[in-house]
Amino acid sequence: SLEESAGYRSGSFNVELAINNRSNAASTVKAKVQLLDPKGEIAHEFAPQTVSALDAGDEKKLNFTTSLSNLELWTAETPNLYTVLVSLTDADGNEIEAFSTKYGFRHIEQVGKFVHINGKKVFFKGTNRHDSNPFNAEGCDDAQTEQYQHSAHKPLPQCSQDVCHA
């Protein structure tokens, strides 16, 4: 969560990991988490956490929490993205899993009937997504919308089609 008093450039950051032992025996793993800034420099390196003797089939959650300041905020105009790096090593120090994900620090809230990002009002501009009637330029009814979504040259993803059928 970001702090309004600091212009949303400071706040707390939490990474929660669910460690699952999918092997047939108890095992020990060490989890490491790093946060890289948009330039690829280390912004924060968490102390590693070890899960010892996790039984086969069991799960343990780990939380890595810190306070950050001088953040480069994400906006549509300046999409600053940080990288979260996660790695797991076994008891011998061999890396057994690693992944990364991008993360943008921003504060979004509704103020009255407006949306604010990082304390600033934003305006949304609409787009047309195959949802106007080609014969009278009006909106489509549900049956037409469903027909167009299935026959369009670039149909909606399945999850969006599922919403149309709900």
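This structure is a prediction, so every number in the text was calculated from the model and none was measured.
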For this session: Give a yes or no on this: more than 12 heavy atoms of other residues, nucleotides or ligands lie within 6.0 Å of atom CD of Glu4.
Result: no
Exercise. Can any side-chain N or O of Ser23 pair as donor or acceptor with the backbone N or O of Ala25 at less than 3.5 Å?
Worked result: yes
Exercise. Side chain of Gln34, backbone of Ala43: donor and acceptor closer than 3.5 Å?
Worked result: no
Exercise. Under 3.5 Å, is there a donor-acceptor pair between the Asn21 and Asp55 side chains?
Worked result: no
Exercise. Is a side-chain N or O of Tyr82 found less than 3.5 angstrom from the main chain of Leu71, in a donor-acceptor match?
Worked result: no
Problem set entry | Plane angle bin for Phe13 and Tyr103 - parallel if under 30°, tilted between 30 and 60°, otherwise perpendicular | perpendicular
For this session: Check the pair Ile108 / Arg106 against side-chain contact (heavy atoms from CB on, under 4.5 Å), numbers first and verdict last.
Result: CA-CA 6 Å; Ile108 300 173; Arg106 78 275 187 263; 4.0 Å; yes
Exercise. Under 4.5 Å between side-chain heavy atoms, hopping through other hydrophobics if needed: is there a path connecting Leu62 to Ile96?
Worked result: yes
Problem set entry | Same apolar cluster (I L V M F W Y, side chains within < 4.5 Å links), Leu68/Tyr8 | yes
For this session: Measure the shortest side-chain to side-chain distance between Ser52 and Thr28 over non-hydrogen atoms and say whether it is less than 4.5 angstrom.
Result: yes
Seminar exercise, completed: d(Asn70 CG, Ser10 OG) to nearest 0.5 Å is 6.0 Å
Exercise. Is there a donor-acceptor pair closer than 3.5 Å between any side-chain N or O of Gln110 and the backbone N or O of Gly112?
Worked result: yes
For this session: Please check if atom CG in Asn14 has more than 12 non-hydrogen atoms from other residues, nucleotides or ligands closer than 6.0 Å.
Result: yes
Problem set entry | Pair Arg9 + Glu3, salt bridge at N-O below 4.0 Å | no
Exercise. Going through the checks in order, is the side-chain contact (heavy atoms from CB on, under 4.5 Å) test met by Leu85 and Val33?
Worked result: CA-CA 6 Å; Leu85 300 172; Val33 178; over 6 Å; no
Exercise. Do Asn118 side-chain atoms and His107 backbone N/O form a donor-acceptor pair below 3.5 Å?
Worked result: yes
For this session: Would you give the length of the straight line joining atom CD of Gln49 to atom NZ of Lys32, rounded to the nearest 0.5 angstrom?
Result: 13.0 Å
Problem set entry | Shared hydrophobic cluster, Phe99 / Ile19 (ILVMFWY, side-chain heavy atoms < 4.5 Å) | yes
Exercise. Given the rule in the side-chain contact (heavy atoms from CB on, under 4.5 Å) test, do Val29 and Thr50 qualify, once you have shown the distances and angles that lead to the verdict?
Worked result: CA-CA 6 Å; Val29 295; Thr50 301; over 6 Å; no
For this session: Give a yes or no on this: more than 12 heavy atoms of other residues, nucleotides or ligands lie within 6.0 Å of atom CG of Asn94.
Result: yes
For this session: Measure the NZ-CG distance between Lys60 and Leu17 for me, rounded to the nearest 0.5 Å.
Result: 12.0 Å
Exercise. Would Val84 and Phe64 show up in the same hydrophobic cluster when neighbours are defined by side-chain heavy atoms closer than 4.5 Å?
Worked result: yes
Exercise. Lys102 and Thr83: side-chain donor and acceptor closer than 3.5 Å?
Worked result: yes
Exercise. Do Leu73 and Leu35 share a hydrophobic cluster (ILVMFWY, side-chain heavy atoms under 4.5 Å, transitive)?
Worked result: yes
Exercise. When rounded to the nearest 0.5 angstrom, what distance separates NZ in Lys30 from CG in Asp92?
Worked result: 11.5 Å
Exercise. Which heavy atom in Leu54 sits nearest to a heavy atom in Asn20, and how many Å separate them?
Worked result: CD2-C, 4.4 Å
For this session: Kindly compute the distance separating OG (Ser100) from CG (Leu36), expressed to the nearest 0.5 Å.
Result: 8.5 Å
For this session: Verify ring-ring contact (aromatic ring centres under 6.0 Å, His included) between Phe46 and His44, making sure each step is shown before the conclusion.
Result: CA-CA 6 Å; Phe46 292 91; His44 186 79; 4.6 Å; yes
